[in-house]
Novice: 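Handing you a structure now.
Along the sequence shown, the residues carry numbers beginning at 1. Start at 1 and go down the list; that is how both ligands and their atoms are numbered. Predicted model only: the values in this text are computed from it and were never measured.
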Amino acid sequence: MEAHPPQSLHDLGFAGIASALEESGVLAHHAKALWRALHREGRLDLTNPANPFLPPLQRWIDAHVGEGKKYDLDAPEQVDEIRSSDGLTRKFLLRLRDGQTIETVLMGYDGRHTVCVSTQAGCAMGCVFCATGQMGFVRHLRPGEIVAQVLHARRVLKEIHPGKRLRNLVMMGMGEPLHNIDSVMQALDIISDVRGIGIGPSKIAISTVGVVPGIQRMAEENSPYRLAVSLHGSTEEERSALVPASKKWSLEMLIAACRDYGQRTGKRIFFEWTLIDGKNDSPETAHRLAALLDGIDAHINLIPLNPTGGFSGNASKAGHAFQRILREAGFPCTFRQRRGIDVAAGCGMLKADKLRKTPIAVIPETVN
Ligand code: SAH
Ligand code: SF4
């Protein structure tokens, strides 16, 4: 490995780009053109003689960006892709500079296009039903590695549906976003910048397993993004059997943090509930969940389990009774539409497949 790999331009916010230029005596107003090229146009080649920048900026790029120079673009390489049988979902396996691979998903339902991004290589939280959790933690992603996933998905969308915009983003790929909160927030600043990619903050959802300090920070900063909390259990015992991180941040602490978040921000919280046969899908659990969330502006998303290592889920029967109980208690409760995680195999499953070297086939669509 290189001793000092170049820094990715995608890691830099607008102010960072402006000061990188200023450091070499290039006027900061050129930052706009470079930002536009990087994030609005998604250019990967900044040295194309047929499409040059103004001379001072082009000279800076020629001197500073590229192999062996201070900066590069560090675009990940697509090493695999699977599509749902209806063709509406594509999952990409992307290889990063150090050889780590991560998953990114592009979904298009009801005319809306959503990208599901990863925030870490692996995950430290170890949820027992999650293929990523079973791989363990490798490393955090840098902001630019999160931004680059969005650019990749947008490039593919442009090829398959020219003219369609990528308007929504969910952090429901590999990794725990609030365990990597600084890079996640920097990446989201870049992704939501209207001069560039411009995905609206209210169209961005951060999904967390319940990292309480991160939820508290989102509340204190009145973060503009939507919060989704993966709950999966209605008692300490039920939850910690599925989500080991619950031993560190108990259900009681988590619900208190959610209440406080709701009160301070006035925002609705989305609770994710992966239905697992015989573990968390009984009517008693549904009643306890309704009591637990009492007074919180909550929307509950039921996720049919993608079977992994010994766990199975058949959302249909128990799931519908579960849904009915929550609805009767007054909560909006839906089965999650096909999203990154539950479509085209769950989170981490493409990478896990690749590691096992099994051939990747077109997978049947999930029926909700
Ligand atoms: N770490 C974050 C975000 C990534 S996981 C979190 O846990 O919220 C995104 C969602 O996928 C979570 O709700 C998680 O519980 C769910 N998930 C993970 N493995 C799954 C599987 N095998 N089947 C269904 N949902 C799964
Ligand atoms: Fe990590 Fe989320 Fe998977 Fe749990 S469900 S192991 S927090 S990625």
Side-chain angles (χ1 to χ4, degrees), residues 91 102-105 107 114-141 146 149 169-181 183-184 204-212 214-215 218 225-233 238-249 254 258 269-277 279-281 299-315 319 334-353 363 366-368:
K91 180 181 277 214
I102 53 166
E103 296 175 1
T104 305
V105 187
M107 295 159 273
T114 300
V115 60
C116 172
V117 298
S118 294
T119 54
Q120 298 177 319
C123 182
M125 302 296 154
C127 301
V128 297
F129 52 84
C130 171
T132 306
Q134 298 315 304
M135 284 171 204
F137 177 71
V138 183
R139 68 171 176 84
H140 293 304
L141 298 191
I146 299 172
Q149 294 174 66
L169 181 150
V170 292
M171 292 196 151
M172 294 183 184
M174 303 169 81
E176 168 48 47
L178 297 186
H179 182 212
N180 185 19
I181 189 166
S183 293
V184 159
I204 292 175
I206 297 178
S207 175
T208 178
V209 74
V211 176
V212 166
I215 296 173
M218 285 179 73
Y225 311 114
R226 298 186 339 185
L227 174 64
V229 175
S230 297
L231 211 51
H232 316 311
E238 192 177 63
R239 186 165 196 261
S240 55
L242 301 172
V243 178
S246 205
K247 296 188 181 99
K248 180 157 187 187
W249 299 291
L254 175 57
C258 290
I269 302 175
F270 295 81
F271 288 93
E272 314 281 322
W273 191 279
T274 298
L275 287 161
I276 305 172
D277 275 355
K279 302 274 181 199
N280 67 355
D281 60 352
H299 181 124
I300 299 145
N301 259 321
L302 301 174
I303 312 173
L305 179 81
N306 273 300
T308 51
F311 291 91
S312 60
N314 171 8
T334 45
F335 273 90
R336 188 151 76 186
Q337 280 215 334
R338 308 176 184 105
R339 292 250 171 110
I341 210 84
D342 50 334
V343 165
C347 158
M349 290 168 78
L350 174 54
K351 177 166 176 168
D353 264 4
I363 28 75
T366 311
V367 179
N368 290 317

Novice: With side chains defined as the heavy atoms from C-beta onward, is the minimum distance between Ser183 and His140 less than 4.5 Å?
Specialist: no

Novice: Nearest heavy atom to atom 5 (S) of ligand 2: which of Gly136, Cys127, Ser118, Gly122 does it belong to?
Specialist: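 Among Gly136, Cys127, Ser118, Gly122, the closest heavy atom to atom 5 (S) of ligand 2 belongs to Cys127.
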
Novice: Counting heavy atoms only, which of Gly175, Pro244, Gly133 is nearest atom 8 (S) of ligand 2?
Specialist: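 That would be Gly175.
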
Novice: If you take the nearest heavy atom of each of Gly175, Cys123, Cys130, which one is closest to atom 1 (N) of ligand 1?
Specialist: Gly175

Novice: Does ligand 1 have an atom that lies less than 4.0 angstrom from a heavy atom of Met174?
Specialist: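 Met174: no contact with ligand 1 (<4.0 Å).
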
Novice: Using 0.5 Å steps for rounding, measure from the CG atom of Leu254 to the CD1 atom of Ile215.
Specialist: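 If I round to the nearest 0.5 Å, the distance is 5.0 Å.
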
Novice: Tell me which part of Glu272 gets within contact of ligand 1: side chain, backbone, both or neither, using heavy atoms under 4.0 Å.
Specialist: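 The side chain, only.
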
Novice: Rounded to the nearest 0.5 Å, what separates atom NE2 in His232 from atom CG in Leu275?
Specialist: 10.0 Å

Novice: If you take all heavy atoms of Ile102 and Met174, which pair is closest and at what distance?
Specialist: CA-SD, 3.8 Å

Novice: For ligand 1, does Ile303 get within less than 4.0 Å through its side chain, its backbone, both, or neither, judged by non-hydrogen atoms?
Specialist: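 Near ligand 1, Ile303 shows its side chain, while the N, CA, C and O stay back.
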
Novice: Mark up the atoms of ligand 1 that fall under 4.0 Å of a heavy atom belonging to Met171, in ascending order.
Specialist: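 Ligand 1 atoms under the 4.0 Å threshold to Met171: 3 (C).
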
Novice: In Å, rounded to the nearest 0.5 Å, how long is the span from CD1 of Ile303 to CD of Glu272?
Specialist: 4.5 Å

Novice: Would you mind finding which of Pro177, Cys127, Gly173 brings a heavy atom closest to atom 5 (S) of ligand 1?
Specialist: Gly173

Novice: Of the choices Ser230, Ala245, Gly210, which has the non-hydrogen atom that lies closest to atom 13 (O) of ligand 1?
Specialist: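 The residue whose heavy atom sits nearest atom 13 (O) of ligand 1 is Ser230.
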
Novice: Give a yes/no on ligand 1: does Met125 have at least one heavy atom closer than 4.0 angstrom to it?
Specialist: no

Novice: Considering only heavy atoms of Met172, which atoms of ligand 1 have at least one such atom less than 4.0 Å away?
Specialist: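 Ligand 1 atoms under the 4.0 Å threshold to Met172: 4 (C), 9 (C).
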
Novice: Just to verify, what does Thr119 make a side-chain hydrogen bond (donor to acceptor under 3.5 Å, both in side chains) with, not counting sequence neighbours?
Specialist: none

Novice: Suppose I only count heavy atoms of Val209 and a 4.0 Å limit; which atoms of ligand 2 are within that range?
Specialist: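 So the answer, numbered in order with elements, is 7 (S).
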
Novice: Can you measure from CD1 (Ile276) to CG (Asp281) and round to the nearest 0.5 angstrom?
Specialist: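 So the CD1 of Ile276 and the CG of Asp281 are separated by 9.0 Å.
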
Novice: Name all residues meeting the side-chain hydrogen bond (donor to acceptor under 3.5 Å, both in side chains) criterion together with Thr104; count only those two or more places apart in sequence or in a different chain, and write none if there are none.
Specialist: Gln149

Novice: Working to the nearest 0.5 Å, report the span between OG1 of Thr208 and CE of Met125.
Specialist: 7.5 Å

Novice: Any atoms of ligand 1 less than 4.0 Å from a non-hydrogen atom of Leu305? List them with their elements.
Specialist: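 Near Leu305, meaning under 4.0 Å from one of its heavy atoms, ligand 1 has 21 (C), 22 (N), 23 (N), 24 (C).
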
Novice: Looking at Gly319 and Leu302, what are the two nearest heavy atoms and their distance?
Specialist: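 So the two residues come closest at O-CD1, 4.0 Å.
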
Novice: Measuring from non-hydrogen atoms of Gly133 to any atom of ligand 1, is the shortest distance under 4.0 Å?
Specialist: no

Novice: Tell me, please: is Pro304 in heavy-atom contact with ligand 1, that is, under 4.0 Å?
Specialist: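 Contact present.
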
Novice: Of the side chain and backbone of Thr208, name the one, both, or neither that has a heavy atom under 4.0 Å from an atom of ligand 1.
Specialist: backbone

Novice: What distance separates Met172 CE from Ser118 OG, expressed to the nearest 0.5 Å?
Specialist: 12.5 Å

Novice: Is there any N or O on Phe129 that sits under 3.5 Å from an N or O of ligand 1?
Specialist: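 Yes - when backbone and side-chain N and O of Phe129 are compared with those of ligand 1, one distance drops under 3.5 Å.
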
Novice: Could you list the atoms of ligand 2 found under 4.0 angstrom from a heavy atom of Cys123?
Specialist: 1 (Fe), 6 (S), 7 (S), 8 (S)

Novice: Counting only heavy atoms closer than 4.0 Å, does ligand 2 sit against the backbone of Cys130, its side chain, both, or neither?
Specialist: side chain

Novice: Should Met171 and Tyr225 count as side-chain neighbours, where that means a heavy-atom distance under 4.5 Å?
Specialist: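 Answer no - side chains too far apart.
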
